[in-house]
There are 2 protein chains.
Amino acid sequence: MASLAAELGVSRTTVSNAYNRPDQLSPELRRRVLETARRLGYPGPDPVARSLRTRKAGAVGLLLTENLSYAFRDPAAIGVLEGLALACEDAGVGLHLVPASPGRDDVAAVHRAGVDGFVVYSVPDDDPHLAAVLARPVPTVIIDQPQVDGLDRVGPDDAAAITKLAEHLVGLGHRQVGVLCMRLGRDRNDDFVSLERQRTAHFHVQRTRLEALATAFGKAGVDWATVPVVERFEHTVDEGASAARQLLGAYPQVTALICTSDILALGALAEAERRGLRVPADLTVTGFDGIAEAERLGLTTVHQPVLEKGRAAGKLLLAAGEHVNPKVITLETELRIGTTSAPPRTMEEHWFGP
Amino acid sequence: MASLAAELGVSRTTVSNAYNRPDQLSPELRRRVLETARRLGYPGPDPVARSLRTRKAGAVGLLLTENLSYAFRDPAAIGVLEGLALACEDAGVGLHLVPASPGRDDVAAVHRAGVDGFVVYSVPDDDPHLAAVLARPVPTVIIDQPQVDGLDRVGPDDAAAITKLAEHLVGLGHRQVGVLCMRLGRDRNDDFVSLERQRTAHFHVQRTRLEALATAFGKAGVDWATVPVVERFEHTVDEGASAARQLLGAYPQVTALICTSDILALGALAEAERRGLRVPADLTVTGFDGIAEAERLGLTTVHQPVLEKGRAAGKLLLAAGEHVNPKVITLETELRIGTTSAPPRTMEEHWFGP
DNA sequence: TTGAAAGCGCTAACAG
DNA sequence: CTGTTAGCGCTTTCAA
């Protein structure tokens with residue numbers, strides 16, 4: 001840039017202005033500057049140097065628990081991403097996806113990210129990447145989890161939402177239920193879950209849902225300690241199926257499988273079919289999220305507006321500074337009763353005969 | 001950082017080393033530095049300043065033609081994104097999604113992006129954002145389109161791939177065909193496409209496919225000038241249906257609809273059903289891409305490895321500098337004959353009786 | 001093992 | 001409308 005200014009016989013300010021403040025320059029001079037720039041192969045102001053000077057990176061960072069690439073396999077995550085991208089687009093800022101695998105504790109990528117703020121999507125409360133984000137002096141908005149005091153957050157009222165679902169099942173007559181849930185901590189436990197582990201789960205959303213289920217079924221006289229809960233580290237349809245297999249293998253008397261996500265529920269449905277169980281006649285299956293495929297299959301689930309979730313988080317972050325008090329946005333959820341929930345076999349027989 | 005160094009009575013270099021070169025420091029001193037940093041609320045080296053100094057941003061930019069958010073609605077685009085994210089993750093660099101709507105000619109976001117290179121995915125050859133990317137002194141890899149001399153590119157051999165498809169249809173006996181294609185330029189033309197527009201399309205992939213179809217059907221004695229081609233700006237299932245409606249409304253004698261993407265083909269199938277046309281008995285429909293839903297429905301299509309496409313582009317970019325000559329990676333495609341293609345009605349009658 | 005000096009490339013005041 | 005001055009916060013020789 002210096003050499004450009006020299007060549008033109010003007011100051012560097014003028015060159016800078018030619019790019020950033022067209023109104024501070026005669027159009028003629030500006031034209032000359034730009035043309036000379038092209039001739040000399042000057043590519044325009046360096047974005048990094050500009051960011052350093054203006055203290056604006058023009059991008060927001062996104063941190064998520066899963067492998068970056070995995071986010072593109074989960075329809076709910078894609079919805080969140082889309083909403084967030086929408087908000088960024090409206091504001092003309094970039095979306096910087098931070099590479100952060102759950103295994104690798106390499107936090108450097110968080111430190112290296114040149115961003116004006118972070119959106120953190122569904123990470124455990126003890127995630128080192130999260131700690132690294134919070135250490136940075138930029139605003140942060142959390143989607144779903146964890147809950148951090150003093151931080152903006154966007155998410156559904158998980159307890160209320162799943163309570164409605166539980167009441168639906170209780171109303172149908174289910175008392176012998178089983179639960180399939182997503183990972184409860186950073187350590188892998190593809191197995192049944194102790195009460196202790198449920199209580200101390202580092203994924204707040206899962207913990208809350210389990211607690212709310214325990215309360216709701218407790219009111220119906222079910223001792224939660226007797227309810228089998230199976231956890232899966234990977235969040236895929238196949239793992240959902242394997243979890244269902246594990247649970248039903250040990251507790252064949254279960255009449256309803258409550259899954260904390262639609263993905264897991266899809267797997268449970270597949271496993272039910274494999275075992276020759278009719279849904280909902282022999283087994284009730286429920287999900288959570290309301291992804292498109294679940295709706296297509298008529299899964300009973302709790303629908304949440306994932307796109308809106310991402311967009312709200314983006315807006316909140318980009319408006320940061322305008323508000324002082326931390327904001328919490330609670331999204332509306334809706335219990336969608338599909339064709340995968342019905343009274344348990346025994347009740348059905350009780351009502352309608354065998 | 002200066003104040004930290006002062007407080008500690010050491011130089012700034014030492015503080016810097018504490019973060020970046022642990023081996024250049026006594027562990028004891030390093031511990032002291034880091035602890036004092038915490039106490040004073042020093043958040044660690046500023047990433048932007050560091051980038052300025054090291055000339056490394058630790059991120060790659062992604063430019064795509066569609067609205068950022070739209071990329072999350074197209075399964076093929078999601079696949080590319082996933083592959084690219086995978087490559088970035090492996091290298092520990094961020095993925096910076098550049099906001100660039102097709103309408104808005106606001107190129108500033110490209111200038112502002114602090115990245116070490118760009119991946120450009122499927123943009124028209126006259127896209128101003130592309131020009132802005134090329135003006136920047138960083139390596140660039142193109143996925144699919146456009147073809148730019150001297151630039152790395154990853155994509156399928158579109159001509160060869162669609163020629164196989166055309167030969168399949170010719171072999172079945174189709175001579176009266178219609179084409180549904182994606183946008184051919186930055187201007188909106190939701191209508192039939194003249195030969196001139198086909199020839200001068202700014203989206204190289206679409207142009208190539210049309211040309212290859214013209215050649216293949218020409219060999220079979222079909223005058224391409226008589227073949228109706230309908231274009232759609234938006235790439236959605238609904239638009240595919242509307243395009244099919246427009247084409248079949250004007251050319252009901254058509255026996256096969258060739259769609260340049262699975263998304264459009266899905267719409268064509270919907271429209272066929274709406275009209276009471278049986279597929280493939282009354283109408284043959286083909287796609288391109290091989291997305292999951294298409295496979296599920298048994299669509300005859302050309303499958304391409306979208307994830308691999310994204311990953312290859314990422315690797316190529318991140319290895320840039322190691323090679324001098326521009327590299328072109330051609331991906332394998334596979335014609336997948338499903339249940340949506342069959343001999344045309346008249347031929348079928350000819351062979352099997354009415 | 002540590003420190004001093006020298007910028008990376010740019011823009012925001014402010015003065016002319 | 002244009003130029004001067006002063007850093008933004010950091011890392012990297014090189015010398016001690």
Side-chain angles (χ1 to χ4, degrees), chain A residues 1-34 36-37 40-59 108-116 132 135-138, chain B residues 1-34 36-37 40-59 108-116 132 135-138:
Chain A
M1 177 154 154
S3 60
L4 213 194
E7 168 86 12
L8 281 157
V10 301
S11 80
R12 293 180 345 230
T13 306
T14 303
V15 175
S16 174
N17 282 338
Y19 285 96
N20 303 318
R21 316 217 152 149
D23 52 313
Q24 299 291 299
L25 228 69
S26 68
E28 158 59 12
L29 177 56
R30 179 171 137 88
R31 201 195 48 67
R32 246 183 66 219
V33 172
L34 264 35
T36 311
L40 264 55
Y42 172 70
D46 178 296
V48 175
R50 168 190 276 157
S51 286
L52 176 59
R53 186 61 235 243
T54 60
R55 322 263 49 201
K56 277 264 152 275
V110 173
H111 290 136
R112 256 201 310 267
V115 298
D116 301 319
R136 292 206 28 193
V138 293
Chain B
M1 177 155 152
S3 58
L4 213 193
E7 169 85 14
L8 282 157
V10 302
S11 79
R12 296 183 339 236
T13 307
T14 304
V15 176
S16 173
N17 282 339
Y19 285 96
N20 304 319
R21 316 218 156 148
D23 51 315
Q24 299 292 300
L25 226 68
S26 66
E28 157 59 12
L29 177 56
R30 178 171 138 89
R31 201 194 49 67
R32 245 183 66 220
V33 172
L34 263 34
T36 311
L40 263 56
Y42 172 70
D46 178 295
V48 175
R50 167 189 277 161
S51 287
L52 175 59
R53 187 58 234 243
T54 60
R55 320 265 46 200
K56 277 266 151 274
V110 174
H111 291 136
R112 256 200 311 265
V115 298
D116 301 319
R136 291 205 31 192
V138 294

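Each chain gets a letter, A, B and so on, in the order the sequences are listed, and its residues count up from 1.
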Nearest whole Å is fine: how far is [N] [atom2] from [X] [atom1]?
X	N	atom1	atom2	answer
H111(A)	dC10(D)	NE2	P	12 Å
D46(B)	dC8(C)	CG	C1'	13 Å
R53(A)	dC10(C)	CZ	C1'	8 Å
L52(B)	dG7(C)	CG	C1'	9 Å
L4(B)	dG9(D)	CG	P	14 Å
L29(B)	dG3(C)	CG	C1'	12 Å
R32(B)	dT2(C)	CZ	C1'	13 Å
Y42(A)	dG9(C)	OH	C1'	8 Å

Name the nucleic acid region contacted by [X], choosing base, sugar-phosphate or nothing; use a 4.0 angstrom heavy-atom cut-off, strictly under.
X	result
S26(A)	sugar-phosphate
V10(B)	sugar-phosphate
L25(A)	sugar-phosphate

* **Positions of residues 14-21 of chain B (non-hydrogen atom under 4.0 Å from DNA chain D), listed by number** => S16(B), N20(B), R21(B)
* **Short side-chain N/O contact from R12(B) to OP1 or OP2 of dT12(D), under 4.0 Å** => no
* To do: Ignoring backbone atoms, establish whether R50(B) has a side-chain N or O less than 4.0 Å from OP1 or OP2 of dT11(D).
  =>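 True: R50(B) side-chain N/O within range (under 4.0 Å) of dT11(D) OP1/OP2.
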* To do: Grab the two heavy atoms, one from A37(B) and one from Y19(B), that are nearest each other, plus how far apart they are.
  =>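 Minimum heavy-atom contact is CB-OH, 3.3 Å.
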* Do you know which two heavy atoms are closest between D116(B) and G58(B), and how far apart they sit? -> OD2-N, 2.7 Å
* To do: Apply side-chain contact (heavy atoms from CB on, under 4.5 Å) to R53(A) and R50(A), showing your working.
  => CA-CA 5 Å; R53(A) 186 61 235 243; R50(A) 168 190 276 157; 5.8 Å; no
* Are any side-chain N or O atoms of R136(A) and backbone N or O atoms of V110(A), one a donor and one an acceptor, separated by less than 3.5 Å? -> yes
* Asked: Which is it for D46(A) and R55(B) under the side-chain contact (heavy atoms from CB on, under 4.5 Å) test, yes or no, and what are the steps along the way?
  -> CA-CA 10 Å; D46(A) 178 296; R55(B) 320 265 46 200; 2.8 Å; yes
* Structure fact -> From the list V10(A), D23(A), L25(A), side-chain contact (heavy atoms from CB on, under 4.5 Å) with N17(A) holds only for L25(A)
* For the side chain of T13(A), starting at C-beta, report the closest nucleotide among dA13(C), dA4(C), dG9(D). => dA13(C)
* **Test log, rule side-chain contact (heavy atoms from CB on, under 4.5 Å), inputs V48(A) and V48(B)** => CA-CA 6 Å; V48(A) 175; V48(B) 175; 4.1 Å; yes
